[in-house]
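Below is one structure, written out as structure tokens; the observations come after it.
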Amino acid sequence: MSDPDPATIWHRFRTEAQRAVSESTWHIWLERVGFRELAGTTLVLEAPDDVRSWVETRFTRLLNALAETVIGPGARVDIVGPQEQVEIERPRPEAQRAQIAQELNPRLTFDQFVIGDCNRLAHAAALAVAEMPGLAYNPLFICGPPGLGKTHLLHSIANYVHEHGAGLTARYTTVEAFTDHFVGALKDGGMEAFKAAYRGVDVLLVDDVQFLQSRAKTEQEFFHTFNALHQAGAQLVLTSDRPPRDLEALEDRLRERFEAGLVCDVKPPERATRLTVLRKRVAQDDVGDIDPQALELIADRVATNLRALEGALIRVVAFGSLTGRPVTPELANEVLDGLYPQLKPKVRSVKEIQEQTCAAFGITMDDLLSSTRTQPVAFARQVAMYLSRELTDVSLPAIGRAFGNRNHTTVMHACKRTAERIATDKDAYEAVRKLTRELGGE
Ligand SMILES: Nc1ncnc2c1ncn2[C@@H]1O[C@H](COP(=O)(O)OP(=O)(O)OP(=O)(O)O)[C@@H](O)[C@H]1O
């Protein structure tokens with residue numbers, strides 16, 4: 001079969017381009033772009049002066065991808081002005097326009113994302129990246145413990161790009177899905193399609209990159225994907241449960257690339273953020289009448305994970321509706337008692353908490369206040385700081401001073417680590433709960 005002639009190629013290209021963008025984008029920007037010539041695999045396009053620079057900035061990547069679909073791998077476009085001589089050959093990585101299977105949740109948008117001190121930077125960076133893919137921070141690396149909105153931000157970026165990106169393409173994936181896809185492609189010889197799927201996009205969003213560790217082949221393939229996209233100016237956004245420097249089992253070259261852009265974290269949400277998330281959920285899901293104090297109680301008791309917070313709300317509401325009882329603070333307490341240890345702030349002394357913690361862990365006060373980091377002393381110290389924070393009104397700096405003149409950020413860190421640990425480790429949960437009870441905290 002002979003190669004299609006330039007006129008056919010141009011016709012196909014134009015049809016694909018019109019299909020790829022919204023109607024208004026087409027009319028305003030792309031409709032007046034014309035055909036100049038086909039030089040090898042370079043499609044030279046002519047754009048009127050008033051739209052040329054905009055078309056170049058915003059649409060070159062899309063048009064290149066379309067050229068590859070219509071002409072073949074390695075094809076590209078060159079956009080020239082009406083009077084301009086043609087100048088050819090700029091290298092471009094191999095890619096093919098991908099058929100993008102979207103697994104996006106339309107509910108996860110920037111509009112629905114509640115901003116607080118815990119996530120302000122991550123949110124601002126994600127929005128900047130969505131507005132200017134490849135131009136703001138590249139890669140953007142968002143890290144933090146589970147359930148704090150990392151996936152929400154990735155979906156928000158993809159949804160935003162699809163809605164406002166003038167034809168730019170975004171693909172969301174998890175390391176799990178990327179691995180499955182890669183292994184499948186290796187088995188049935190679909191590597192070209194696999195590469196096209198991940199290297200032919202303008203924005204690639206990858207969730208949970210900590211799982212790349214200890215998957216040598218996937219890690220290597222991901223490294224090449226990362227490089228191909230980065231060189232092509234495409235945007236990469238990655239999430240992980242820890243910062244790049246703590247991804248110890250990852251190869252240095254990949255870790256260094258993760259660190260090369262902007263790394264920002266999401267922290268456990270402060271109370272106001274938790275409350276706003278709950279109120280938003282109630283309004284959105286139309287769950288009926290809920291006593292505002294019941295919401296406050298849920299926000300107080302489920303402090304470190306927004307997924308758990310939403311789960312707690314759903315349980316409380318479901319319990320109310322199953323038993324035909326109104327959702328009051330008492331009902332919320334009843335439901336949550338079985339799920340989360342109740343830490344009622346009462347005025348106690350830090351010293352009392354330190355003594356009880358030492359007794360519970362079988363260590364001395366000197367150990368507790370020392371600088372040793374060995375277990376169980378280090379954990380006991382973190383628990384004692386956490387309980388001092390939860391059960392007294394003493395300020396963070398004062399707690400720090402009471403623990404051998406430590407800094408208040410050390411106390412904050414200890415609180416966070418303990419909260420995370422009791423959310424995930426049953427033994428730690430039991431130990432803290434027992435101690436809390438002994439201290440009269442529930
Ligand atoms: N700032 C926020 N505003 C509104 N909802 C939020 C916010 N952060 C998280 N959520 C909601 O909390 C739930 C958990 O968030 P998400 O899945 O994004 O967490 P994650 O950090 O990706 O967790 P994991 O590491 O377990 O994947 C989702 O339903 C999400 O919509």
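Sequence positions, counted from 1, serve as the residue numbers for this chain. Indexing begins at 1, ligand by ligand and atom by atom, following the structure's order. The analysis underlying the following values was restricted to heavy atoms, covering all of them including side chains, and did not include hydrogens, waters or symmetry mates.
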Test of proximity, [X] against ligand 1: N or O pairs below 3.5 Å:
X    : answer
E310 : yes
L148 : yes
F113 : no

Judged by modelled atom types alone, do [X] and [Y] share a side-chain donor-acceptor pair under 3.5 Å?
X    : Y    : result
N407 : T410 : no
Q354 : T357 : no
N159 : T109 : no

Is [Y] paired with [X] through a side-chain N to carboxylate O contact shorter than 4.0 Å?
X    : Y    : value
E259 : R255 : no
E334 : R325 : yes
D300 : R271 : yes
R199 : E221 : yes

Next item on the list: Report the part of T273 in contact with ligand 1, treating N, CA, C, O as backbone and CB onward as side chain, heavy atoms under 4.0 Å; options are side chain, backbone, both, neither.
Entry: neither
Next item on the list: Specify side chain, backbone, both or neither for R107, according to which of its non-hydrogen atoms lie closer than 4.0 Å to ligand 1.
Entry: side chain
Heavy atom of the protein closest to [atom] (residue, atom name, distance):
atom                    : value
atom 21 (O) of ligand 1 : K150 NZ, 2.8 Å
atom 14 (C) of ligand 1 : R307 CB, 3.8 Å
atom 1 (N) of ligand 1  : V114 O, 2.8 Å
atom 23 (O) of ligand 1 : G147 N, 2.7 Å
atom 15 (O) of ligand 1 : G149 N, 3.6 Å
atom 30 (C) of ligand 1 : H152 ND1, 3.5 Å

Check: For ligand 1, which atoms have a heavy atom of P146 less than 4.0 angstrom away?
Finding: 23 (O), 24 (P), 25 (O), 26 (O)
Check: On the ring face of F403, is R381 found with NZ or CZ under 6.0 Å from the centre and within 45° of the axis?
Finding: no
Notebook entry, point to check: Which is closest to atom 7 (C) of ligand 1 by heavy-atom distance: L306, L309, T174, L153?
Noted result: L306
Notebook entry, point to check: Can D241 be said to touch ligand 1, with heavy atoms closer than 4.0 Å?
Noted result: no
